[in-house]
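To start, the structure under review is shown below, and the notes come after it.
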Amino acid sequence: MTHPVLACRSCGQTDLTPVLFLGKMPLADRLLADSMLADAEPALTLTLHFCAQCALVQIAECVAPEQLFCEDYPYYSSFSDALLKHSRDNAKELIEQHKLGEKSLVVELASNDGYLLKNFIERGIPVLGIDPAEGPAKAARDAGVETMCAFFTEPLARELASSGRRADVIIGNNVLAHVPDLNGFVAGIGVLLKQEGVAVIEVPYVKDLIDHCEFDTIYHEHLCYFSVTASRHLFARYSLSINDVRRLSIHGGSLRLYVGHKEEISPTVDALLEDEQSSGVDEIHYYEDFAQRVEQIRESLLKLLRGLKDEGKRIAAYGAAAKGATLINYVGIGSELLDFVVDRNTHKQGRYMPGQHIPILPCDTLVSERPDYCLLLAWNFAEEIMNQQAEYIQRGGRFIVPIPAPRIIQEGSVEVH
Ligand code: JHZ
């Protein structure tokens, strides 16, 4: 089921340096139904490595994508208002900047439930979504977004291009990290993108991951963790140029790369490359104390939760996020500490967290059950979630934010980094 990679997924170099060993972990988005609880669950090693040749950070393991992004894939983008706004703003800006209209084509790779493409449809702009997960793809079609249920590959790009469907804009948000054949995927972008077109790619930023110790965003779905340095090597191999880049706060810190066939590199790209070089993102030293910092979070979070339990407090968690599965399984937070997890996503409710088998319930359970503390597993949406949970907080409930260092949030002090 998993095959350790022997070579860098981008440049092929075979001498990867280990950075972090998370032990054996369940598959983060494999939420269990009642009928699955008695069966043995897959538990696979999870190890982070650094490629000294092209600076790409990556895990060594590779689970078959068909197993991860199946019909049962529970992640639906539309459950976060902040993400919907982020996507709407992105679409609006692209429509204006590139003067998109009824003769344009916008293709989204990993289009999920159509959360982003619907913004183009509303403005009469033709779109095509491509996503391998049947559940979200069906939701997108039901919402009127034309969606192919498929993995995006270079052969698929050739098929589309030869049938006259080359794209003015290709969007790929949170997909590059999930792709085992990185080179084929990027080659496909080159084939599908019109000569004057732009590919807009969002990836979680490895510098934010390391600086803020976001180790929970490491799971089997996320094969690679990108910097501008590593991305530039990858895209350049296919004569694609990163012409602009923005740092975004979404998902704990992301990069948005603007990629084209023509080289028109903005000073922002060089500035960020220089910043990466001076902070050492392209060298192994940068990653050397990461494992130790992760261990500190594990110890202090366990100490905090056990201390609260010893005082007789009840604790629940918010967000059956994939990152939540890494957090509770690596730290060792089971049902002796957490009573339940709440999540807005109706596809997740009624299921159980992988590994620890903690039940996932609707969000109003927080107010009806009123646990004293709520561990915020979806800490990347802290502001949005705490605003929604004003009643829980008013009645005395307190959130615990685990990353970058475990802390209890006092009423009225929502801090998000
Ligand atoms: P969320 C996802 O990871 C999926 P996850 C994926 N693997 C990826 O690449 C990264 O994002 C970038 C819920 N929620 O999105 C929804 C509420 O209940 O941070 C989600 O289940 N109420 C493709 O799964 C979870 O929390 C709310 O108000 O780690 C958040 O998961 C909000 C805002 C969210 O990421």
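In this chain, residues are counted from 1 in sequence order. Both ligands and their constituent atoms are indexed starting at 1 by order of listing. The figures here come from the full heavy-atom set of this structure, side chains too, leaving out hydrogens, waters and symmetry mates.
The existence of a salt bridge linking Glu383 and Lys85 is excluded, since no basic side-chain nitrogen approaches an acidic carboxylate oxygen closer than 4.0 Å.
For atom 11 (O) of ligand 1, the closest non-hydrogen atom on the protein side is His251 CE1, 3.5 Å. Residue, atom and distance of the protein heavy atom nearest to atom 35 (O) of ligand 1 are Lys323 NZ, 3.1 Å. Scanning the protein for heavy atoms near atom 28 (O) of ligand 1, the closest one is Gln388 NE2, 2.8 Å. Atom 2 (C) of ligand 1 has its closest protein heavy atom at Tyr75 CE1, 3.5 Å. The protein non-hydrogen atom at the shortest distance from atom 3 (O) of ligand 1 is Tyr219 OH, 3.1 Å.
Considering backbone and side-chain N/O of Ala322, one or more are found under 3.5 Å from N/O of ligand 1. The N/O atoms of Asn380, backbone and side chain alike, include one that comes under 3.5 Å of an N/O atom in ligand 1.
Ligand 1 places these atoms under 4.0 Å from at least one heavy atom of Ser80: 33 (C). Each of the atoms 26 (O) of ligand 1 lies under 4.0 Å from some heavy atom of Gly319. Under a 4.0 Å criterion applied to the non-hydrogen atoms of Glu384, ligand 1 contributes the atoms 28 (O), 33 (C).
Contacts with ligand 1 closer than 4.0 Å are made by heavy atoms of both the backbone and the side chain of Arg344. Both the backbone and the side chain of Ala321 come within contact range of ligand 1, each with a heavy atom under 4.0 Å.
Among Glu221, Glu383, His222, Glu202, the residue whose heavy atom lies nearest to atom 8 (C) of ligand 1 is His222. Among Asp343, Leu83, Val203, the residue whose heavy atom sits closest to atom 26 (O) of ligand 1 is Asp343. The nearest non-hydrogen atom to atom 27 (C) of ligand 1, considering only Tyr318, Phe381, Tyr73, Trp379, comes from Tyr318.
Remark: the Asn345 side chain and the Tyr75 side chain contain no N/O donor-acceptor pair separated by less than 3.5 Å. For Gln356 and Ser335, the side-chain atoms include no donor-acceptor pair closer than 3.5 Å. Side-chain contact check for Tyr286 and Glu276: no donor-acceptor pair (N or O, by modelled atom type) lies under 3.5 Å.
Remark: Asp168 engages Lys194 in a salt bridge (Lys or Arg N to Asp or Glu O under 4.0 Å) (not counting sequence neighbours).
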**OP:** Would you check, one step at a time, whether the test side chain to side chain contact (heavy atoms under 4.5 Å, CB included) holds for Asp131 with Phe69?
**Re:** CA-CA 9 Å; Asp131 198 291; Phe69 308 108; 5.9 Å; no
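Ring geometry for Tyr330 against Phe215 counts as perpendicular: the plane angle is over 60°, on a 0 to 90° scale with 30° as the lower cut.
Note on ligand 1: Phe69 sits outside its first shell, no heavy atom being nearer than 4.0 Å.
The environment of Lys309 atom NZ is dense: over 12 non-hydrogen atoms of other residues, nucleotides or ligands sit within 6.0 angstrom. Applying the 6.0 Å contact sphere to CZ of Arg351 captures more than 12 heavy atoms from other residues, nucleotides or ligands. Few gaps surround CD on Glu134; more than 12 heavy atoms of other groups in view lie less than 6.0 Å from it.
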